[in-house]
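Structure first, commentary second.
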Amino acid sequence: MGDQMDMRRLRKLIDGVLLTLYTRYTTKEQPALCERLGLPAPSEGNTKHERLVASLNACPDDRLPDVAEAVLEQEELDQAERIALQDVLWLGRHHVQIPGRTRRELARDFDLSDHLGYPDRFMALLSRLWHLDNDPLSGWTTTTNSLRTQIERRVIRFPDDRALL
């Protein structure tokens, strides 16, 4: 088993997601939303957000990972929310460490020709797995050194540059 999952952080992340979900659903749709996500039916609160928070607060800690899985599968989240939820969930699970050398060898030998015909789809797939826009200075400079930019440059536009990675 991996490290212990941080239930307090998981609850806080789910609460952050609920903060945006209440705007997507009407009051009448909230009970179905809670049922779909594995939360108790909302009962108390004056606003939609208060009812969702009350539902989350009524949810026991041992059900939070299932709720987070349901949120990841069923709701559209921005990249940062999705990665944060996945990180907390995966912290409590067994995983195999893959040495950096092995990862580099796999990346070098992997044939990308079938995937590079559709670069937008390829980048969308990668952005579901990794945080690609990781350059903290991207808002202040005209050039960016984000992982997305490096992949677009070295893998899509100039595939021969992959050897430099």
Side-chain angles (χ1 to χ4, degrees), residues 1-98 100 103 107 115 118-153 155-156:
M1 186 72 172
D3 296 333
Q4 190 167 0
M5 192 179 306
D6 185 354
M7 292 298 175
R8 194 166 156 203
R9 175 143 170 76
L10 185 59
R11 187 175 293 275
K12 183 177 178 182
L13 290 169
I14 294 171
D15 183 43
V17 170
L18 293 180
L19 187 61
T20 60
L21 284 185
Y22 88 90
T23 61
R24 297 182 197 166
Y25 297 95
T26 65
T27 303
K28 292 180 181 180
E29 295 171 325
Q30 278 190 338
L33 169 68
C34 288
E35 182 179 333
R36 202 172 62 242
L37 297 180
L39 290 169
S43 57
E44 57 187 64
N46 295 326
T47 66
K48 292 187 295 183
H49 182 246
E50 287 175 0
R51 285 190 288 276
L52 285 177
V53 168
S55 177
L56 176 62
N57 290 338
C59 184
D61 281 352
D62 63 336
R63 290 189 43 211
L64 285 178
D66 297 329
V67 172
E69 288 282 354
V71 166
L72 287 168
E73 290 175 13
Q74 300 174 25
E75 296 299 327
E76 188 174 322
L77 305 175
D78 67 28
Q79 186 180 34
E81 284 178 320
R82 185 181 64 255
I83 288 173
L85 266 176
Q86 288 172 338
D87 284 347
V88 173
L89 278 175
W90 294 346
L91 184 64
R93 296 189 180 153
H94 177 71
H95 62 280
V96 176
Q97 292 287 339
I98 301 173
R103 289 194 308 267
H115 304 289
Y118 303 97
D120 294 338
R121 294 179 188 174
F122 179 69
M123 293 304 292
L125 170 68
L126 294 179
S127 69
R128 290 201 47 87
L129 300 171
W130 291 284
H131 185 63
L132 301 180
D133 301 311
N134 60 349
D135 185 7
L137 300 177
S138 64
W140 296 341
T141 63
T142 56
T143 61
T144 180
N145 199 25
S146 69
L147 185 55
R148 176 182 305 278
T149 303
Q150 290 179 36
I151 292 170
E152 287 172 347
R153 182 180 331 133
V155 176
I156 295 173

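Nothing fancy with the numbering, it's 1 onward along the sequence.
- By the salt bridge (Lys or Arg N to Asp or Glu O under 4.0 Å) test, D66 pairs with no residue at all, sequence neighbours left out.
- Of all heavy-atom pairs spanning L13 and A84, the tightest one is CD1-O, 3.6 Å.
- Across L85, V67, D15, a single residue satisfies side-chain contact (heavy atoms from CB on, under 4.5 Å) together with L10, and that is L85.
- Judged purely by atom type and a 3.5 angstrom limit, S55 has no side-chain atom pairing as donor or acceptor with the backbone of A41.
- Between L18 and H49 the shortest heavy-atom distance is O-CD2, 4.0 Å.
- Rounding to the nearest 0.5 Å gives a distance of 9.5 Å between CG of L91 and CG of L89.
- Between L52 and L33, the closest side-chain pair of non-hydrogen atoms falls below 4.5 Å.
- When the salt bridge (Lys or Arg N to Asp or Glu O under 4.0 Å) test is applied to E81, no partner is found at least two apart in sequence or on another chain.
- Contact detail for M7 and D61: the closest heavy-atom pair is SD-O, 3.6 Å.
- A search for salt bridge (Lys or Arg N to Asp or Glu O under 4.0 Å) contacts involving E69 returns R93, not counting sequence neighbours.
- Within 6.0 Å of CD on E76 lie no more than 12 heavy atoms contributed by other residues, nucleotides or ligands.
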With a cut-off of 3.5 Å and sequence neighbours excluded, list every side-chain donor-acceptor pair involving residues 118-126.
none

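- Residues passing the salt bridge (Lys or Arg N to Asp or Glu O under 4.0 Å) test with R82: none are found, sequence neighbours excluded.
- No side-chain heavy atom of Y22 sits under 4.5 Å from any side-chain heavy atom of E50.
- Residues in residues 23-39 take part in these salt bridge (charged side-chain N to carboxylate O under 4.0 Å, His left out) pairs, two or more places apart or across chains: R24-E75, R36-E75.
- C59 has its side chain within reach of L64: a pair of non-hydrogen atoms, C-beta onward, lies under 4.5 Å apart.
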